[in-house]
Engineer: 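Got a structure for you, written out below as structure tokens; questions coming shortly.
Proteins come first, then strands; the chains are lettered A, B, ... in the order of their sequence lines, and each starts at number 1. Bear in mind the structure is a predicted one, so any value in this text is a computation, not a measurement.
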Amino acid sequence: MDYPLTEARKEIKTNLKNVLIQLEYKFEPKLEIPSEELGDFSFPCFTLASLIRKSPKDIAEEIATRIKKGKWINKVKTIGGYVNFFIDKQILITSTLKSIYNKKEDYGNLKKINEKVIIEHTSANPNGPLHVGRARNPIIGDTLVRIFKAAGFDVESQFYLDDMGKQVAILTWGLGNLNSKDIPISKYNKSDHKSVGFYQIANKLMKDDEKISKEISNIIKKSENGELKTLKLAHKAYTPVLKGINKSLQRINITIDRYIPESDFVKNKSVEFVVEKLKKSKYCGNENGGLYLDLESFGIHGRNTKFFFTRSDGTTLYATRDIAYHIWKGKHADKLINVLGEDHKLESKQVEIALNLLDVKSIPKPIFYAFVSMAGGKMSTRHGRVVYLDDLIEECVKRAYEEVKTRKGLEFSEAKMKEISEIIGIGALRYNIIKVQPEKDIVFKWEDALNFEGNAAPFIQYAHARACGILSKMEKNKGIKDPDLFSLKHDSEFNLVKKLAEFPIIIDDASKGFKPHIIATFLFDIASRFNQFYRDCHVISEKNIELKKARLSLVNSTRIVLKNGLYLLGIMAPEEM
RNA sequence: GGGCCUGUAGCCUAGCCUGGAUAGGGCGAUAGCCUCCUAAGCUAUAGAUCGCGGGUUCGAAUCCCGCCAGGUCCGCCA
């Protein structure tokens, strides 16, 4: 069964199409959503007008007079060259609230489809804790995971684990050769923070000492050759780091289904297979033994169009293994999504071309995000200009705690304040990152990150808590059983319901367009309209019992949509705050 | 030098793919609203050459071309 607004749109479109056929206009109409007061759906006649050489205004009127009223179509009005459709408010109210009441936490979700999607995200080098520069990655990734699940897909999240690269090699060397006395003490009692010092010092030493540099190169070489002993050492080195990263992710409600080590593709020889096949490509060239694809004819320009996939000594490169990984992924899913920093754009393109040359069907859809920088320059571990994800989490929660304490210090217990500030702080953090489209640069400022008012998660959580407040006060009354929904007549009520009705469409748009941020905007809108309703339409003090019940039902529906929506963003919905 | 992304009020941002009706919001500012369901809220006011210049179109923030600024990449690194 369709959701109410989808059904309404269908009816209007069918009706409109029929009228166009009647008038013998061959034209595929496109419906728009106008601003509220103009109507619910709108058909602009301008394009059609230029085709048949008639004035848009005349066409609009011609069409409007022929549109029949239906279950949904209540009124048709023309303004200039527009045909504006008004849908029946009562039908929308009753069908939407019933739909929410029936589906509950399932409301908004689209029909299950038998399609598997693998979303690769985070995939950070396991040499230290996650920092804010890349913090968009897990948040965008996890939000996409949740959105695609809601859109009916079978979703698996994957972390591609670079266990044989330079970064892990440096860490491995550091842990094997440095004395923990010489490592600066971390302020966090977390395994990733404890390890990163070894990496940093080793990194520094390597630059001045050729011997060390050579030893590290050796580690890399050995792991590339698939030498198990070295890979085991590396595994031992990065595992605690990964554990720490995982812990941070868990705290912001992110779990990764599967970690895929890069070395797997060396061990199972699938990289060799990739090399063998690419060798046969007509774009393959050889430079002193190193093999490359010439990508000039694929629109790759710049100083160097050569995409090397082996070194002169025959060993493979990161990108080669990435190709093997993607071939493997493609066999296990119908759709692939990769969340990547914008620095991976070229590499991603190269892999895509290679996959095409290898006749691989499933080409990944990359979602690129711009880095988070700090006011005054780039983030850099060396210059101490780094803010870790853990720093950000701590600061957000701490600030949330202060807010909770000033507001509810007398009312809530210490434990409750702690619990709520965790929910609010984490929510604010995730929301702040997801509300902006990924490709936009973000300059990190504490004032912005810690602002809990306006377009921020606490605003939405607050609306949810308010709704819960009303419901809990009314619990003793019989409540929502068989409310007469026709008694909802106030504009604020209708405006809210109309927005609630859009939820499934928003999920559809967000998944089809890979746009997690529109969920955030939508929820802000709901919360905003709920606050207006809250102002205009009192529930508890309402004397008319039928109206009171109907409003209660609306409050409960709003609560459900807010909760479901926040869930998509990985944000908890507190019942009080 | 070349490729890709971004440029919307003091600050942040939606809309751009798929051109359409007065460019939506938020922060900050100013002025109001708690004997009434949580004021992390609500209402109002001020604030925009949609980076700049051309073009296409009945119509351009949106499409095309050129330029400017910022980010990012152009390793037999990962």
Engineer: Whether K398(A) engages the ring of Y401(A) as a cation-pi pair (distance to the six-membered ring centre under 6.0 angstrom, angle to the ring normal within 45°) should be assessed.
Structural biologist: no
Engineer: Hey, could you give me each pair passing salt bridge (Lys or Arg N to Asp or Glu O under 4.0 Å) that has a residue in residues 306-318 of chain A? Not counting sequence neighbours.
Structural biologist: K221(A)-D313(A), E224(A)-R311(A), E287(A)-K306(A)
Engineer: When the distance from OH of Y238(A) to P of A78(B) is rounded to whole Å, what number comes out?
Structural biologist: 17 Å
Engineer: Measure from NZ or CZ of R466(A) to the centre of the six-membered ring of F530(A), then state whether that distance is under 6.0 Å and the direction lies within 45° of the axis.
Structural biologist: no
Engineer: Reckon R529(A) has a side-chain N or O less than 4.0 Å from the OP1 or OP2 of G41(B)?
Structural biologist: no
Engineer: Just the table, please: protein N/O against nucleotides 33-37 of chain B N/O, every pair under 3.5 Å.
Structural biologist:
unit_1: C37(B); atom_1: O3'; unit_2: K473(A); atom_2: NZ; d: 3.3
unit_1: C37(B); atom_1: O2; unit_2: V539(A); atom_2: N; d: 3.2
unit_1: C37(B); atom_1: O2; unit_2: I540(A); atom_2: N; d: 3.1
unit_1: C37(B); atom_1: N3; unit_2: V539(A); atom_2: N; d: 3.2
unit_1: C37(B); atom_1: N4; unit_2: Y534(A); atom_2: O; d: 2.1
unit_1: C37(B); atom_1: N4; unit_2: C537(A); atom_2: O; d: 3.2

Engineer: Given a 3.5 Å cut-off on both pairing distances, which stems involving RNA chain B, each at least three consecutive Watson-Crick or G-U pairs, are present, if any?
Structural biologist: B:1-7 with B:68-74, B:10-13 with B:24-27, B:29-33 with B:41-45, B:51-55 with B:63-67
Engineer: Side-chain contact, heavy-atom cut-off 4.5 Å: N455(A) with Y431(A)?
Structural biologist: yes
Engineer: For N286(A), which residues count as a side chain to side chain contact (heavy atoms under 4.5 Å, CB included) partner, sequence neighbours excluded?
Structural biologist: L291(A)
Engineer: Please tabulate, for side-chain N and O atoms in residues 339-348 of chain A, each donor-acceptor pair with protein atoms closer than 3.5 Å (sequence neighbours left out).
Structural biologist:
unit_1: D343(A); atom_1: OD2; unit_2: R134(A); atom_2: NH2; d: 3.0

Engineer: Describe the nucleic acid contact of F524(A) in one word from base, sugar-phosphate, nothing, applying a heavy-atom distance below 4.0 Å.
Structural biologist: sugar-phosphate
Engineer: Please list, for nucleotides 14-17 of chain B, all pairs of protein and nucleotide N/O atoms separated by less than 3.5 Å.
Structural biologist:
unit_1: A14(B); atom_1: OP1; unit_2: Q437(A); atom_2: N; d: 3.2
unit_1: A14(B); atom_1: OP1; unit_2: Q437(A); atom_2: NE2; d: 3.4
unit_1: A14(B); atom_1: OP2; unit_2: K440(A); atom_2: NZ; d: 2.6
unit_1: G15(B); atom_1: OP1; unit_2: H517(A); atom_2: NE2; d: 3.3
unit_1: G15(B); atom_1: OP2; unit_2: Q437(A); atom_2: NE2; d: 2.6

